There are 2 protein chains.
Amino acid sequence: MRILIVEDEKPLREQILSLMATEKYACDAAADGREGLFLGSEYDYDLAIIDLGLPLLDGTQLIRELRAKERNFPILILTARGNWQDKVSGLEAGADDYLTKPFHPEELRARIHALLRRASGHASSVLRYGPITIDTSAKRVHRDETEVELTSFEYNTLTYLALHAGKNISKSELTEHLYAQDYDRDSNVIEVFVGRLRKKLDPDGSLNLISTQRGLGYRFNLDKQ
Amino acid sequence: MRILIVEDEKPLREQILSLMATEKYACDAAADGREGLFLGSEYDYDLAIIDLGLPLLDGTQLIRELRAKERNFPILILTARGNWQDKVSGLEAGADDYLTKPFHPEELRARIHALLRRASGHASSVLRYGPITIDTSAKRVHRDETEVELTSFEYNTLTYLALHAGKNISKSELTEHLYAQDYDRDSNVIEVFVGRLRKKLDPDGSLNLISTQRGLGYRFNLDKQ
DNA sequence: CTTCAACGATCAAAATACGCATGGATCGGT
DNA sequence: ACCGATCCATGCGTATTTTGATCGTTGAAG
């Protein structure tokens, strides 16, 4: 999952970044509205966290411009306590949720979870695909009642593929969503991780868990239940 | 739009109901959790507003049971001021948003807007041409319910032709769009790929899927639906 | 009606690109 | 410094793409 953070106050920005890091999300950060607009236009994020009070380009305006450009990822706005008018204008501009500063880190974590979950059209935090079960809040994976130990990259790769079950996901889409900015493209990390996932989750290939569409990408083949 | 309201305090319930009425939403109201569960299981709502502190069946539990029954409409929860733990557990149970009581009516209106917009924001990426179906986000092609496996060049050729259905597309236009830089002209790759597409998608020629305009190019013959 | 030339279709072989497994290097946390 | 996680380089096997040769079609001219 790749997340954009637009926050001008450095301490808060750093705090959010480190929180996101513990969650193993790939993050890009911008310190003002204009930079945020640039990044948000450039990349396809899974979520954006935007402070409404921003230099150079107001948060509300930033959201409007992003939405005008068909950027449809969920947006969580941060507002100073007390002025609900801000929240309302932000939501009307196209944000999906808000959080009042100061906030409890745990709450931010929960809101982000909820937004990402909702954006992928899944209500419950446990995803079930036949014998494969992914608990996104505990970040644990089971196959037929027995837990499968995954590293965080293996987990992220699996989740991204599973959330787009049935779709062909290109390797570049995967790297874009699993890694932060500028990543060396000519590497075969993705192939390695897909290989590991197959070995761990479907050693004998009987599930045909992840199939490769040569030249197009990978596809997660189990239906959500 | 049909909305479910589960709120035990009558004055607040009435207030929400009248607010919804001004928005022209169709509403059902329940005064306790059990009634809410009954209504929520029975009908397919577009959104639910649920107070967390409910008699007979706790709000969090109610949400969990609804989600377990595959009720995937967005849920907005109402909580008493101050205890963010409630919100968190509600969101983890499968809610999408919350509002702290007391709230400003204007704000409730905005949140509901945002949720409904998000829920319906599923722009279909499926192109349908009679029996031929192209899912551009999954990069998969079907003819009459059965999937047709295409290689990436076959897929690209098909999509370009389909997106310009009814028009004559010259071979040079195709090469220009399918290949990066100037491509060796005296080659018959395009003919080969058109041939493959015809064979895979319309083996007996009954659809007249792609006709050739001698000297002009090719034409995709099905109308978009 | 036949002939001819230009164009397109088809096929199979050759060239290429792509993905996979493997093992070792490097990174990062404890 | 250690250990596991992640990343990278290599070579191999194979699906895909490309090519070139051949054959079929078309439409116009003779």
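Here is how names work: the chains are called A, B, and so on, in the same order as the sequence lines, proteins then strands, and each is numbered from 1. Because only heavy atoms are used, hydrogens play no part in the values below, and waters and symmetry mates are left out as well, while side chains stay in. Note that the structure is a prediction, hence the values are computed from the model and not measured.
- Expressed to the nearest 0.5 Å, how far CZ of R67(A) lies from CG of L62(A) amounts to 10.0 Å.
- Side chain of D202(A) to main chain of L207(A): a donor-acceptor pair is present (N/O by atom type, distance under 3.5 Å, no hydrogens or angles).
- For N188(A) and dG19(C), a side-chain-to-base donor-acceptor distance below 3.5 Å is absent, hydrogens and geometry of angles not being considered.
- Note: CD (E191(B)) to P (dC11(C)) measures 14 Å, nearest angstrom.
- The interatomic distance linking F153(B) (CZ) with dA15(D) (P) rounds to 19 Å, in whole Å.
- In the set dC20(C), dT18(D), dA9(C), dA9(C) carries the atom at the smallest distance from any side-chain atom of Y218(B).
- Residue Y155(A) is out of contact with every strand shown, counting any heavy-atom pair closer than 4.0 Å.
- Counting heavy atoms of neighbouring residues, nucleotides and ligands inside a 6.0 Å radius, atom CZ of R128(A) does not exceed 12 of them.
- In this structure, the CD1 atom of I190(A) is 18 Å from the P atom of dA5(D), given to the nearest Å.
- Between the CG atom of D202(A) and the P atom of dC20(C) there is a distance of 14 Å, given to the nearest Å.
- Both K171(B) and K199(B) lie near DNA chain C, and the one whose nearest nucleotide falls closer to the 5' end is K171(B).
- Regarding L197(A), its CG atom lies at a distance of 12 Å from the P atom of dA21(C), rounded to whole Å.
- In this structure, the CD atom of E149(A) is 19 Å from the P atom of dC3(D), given to the nearest Å.
- Atom CZ of R143(A) is surrounded by more than 12 heavy atoms from other residues, nucleotides or ligands within 6.0 Å.
- Nearest nucleotide to the side chain of R196(A), out of dC7(D), dC11(C), dG8(C): dC7(D).
- A salt bridge links R111(B) to D97(B): at least one charged side-chain nitrogen sits closer than 4.0 Å to a carboxylate oxygen.
- When the side-chain hydrogen bond (donor to acceptor under 3.5 Å, both in side chains) test is applied to Q61(B), no partner is found at least two apart in sequence or on another chain.
- Between F193(A) atom CZ and dT22(C) atom P the separation is 16 Å, expressed in whole Å.
- T212(A) has no side-chain polar atom (N or O) that falls below the 4.0 Å cut-off from OP1 or OP2 of dG19(C).
- Two end axes, each from the C1' atoms of five base pairs, can be drawn for the helix from dC1(C)-dG30(D) to dT30(C)-dA1(D); they diverge by 30°, to 10 degrees.
- Less than 6.0 angstrom separates the ring centroid of F153(A) from the ring centroid of Y179(A).
- Considering NE2 of H177(A) and OG of S172(A), their distance stands at 9.0 Å, rounded to 0.5 Å.
- Between R118(A) and D96(B) a salt bridge is recorded (basic side-chain N to carboxylate O distance below 4.0 Å).
- The shortest distance between the side-chain N/O atoms of S152(B) and the OP1/OP2 oxygens of dA17(C) is not below 4.0 Å.
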List the protein contact pattern of nucleotides 24-30 of chain D with one symbol per nucleotide (5' to 3'): B for base contact, S for sugar-phosphate-only contact, - for none; contact means a heavy-atom distance under 4.0 Å.
-> BBB----

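- Residue contacts for R198(A): at a heavy-atom cut-off of 4.0 Å it reaches the sugar-phosphate backbone alone, with no base atom in range.
- In this structure, CG of L216(B) is placed 12 Å from C1' of dC7(C), rounded to the nearest angstrom.
- Side-chain atoms of V192(A) lie closest to dC7(D) of the nucleotides dC20(C), dT18(D), dC7(D).
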Step by step, would you call Y98(A) with E107(B) a side-chain hydrogen bond (donor to acceptor under 3.5 Å, both in side chains)?
-> CA-CA 11 Å; Y98(A) 72 84; E107(B) 190 165 352; 2.7 Å; yes

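- Between T151(B) and dT16(D) there is no side-chain polar atom (N or O) within less than 4.0 angstrom of OP1 or OP2.
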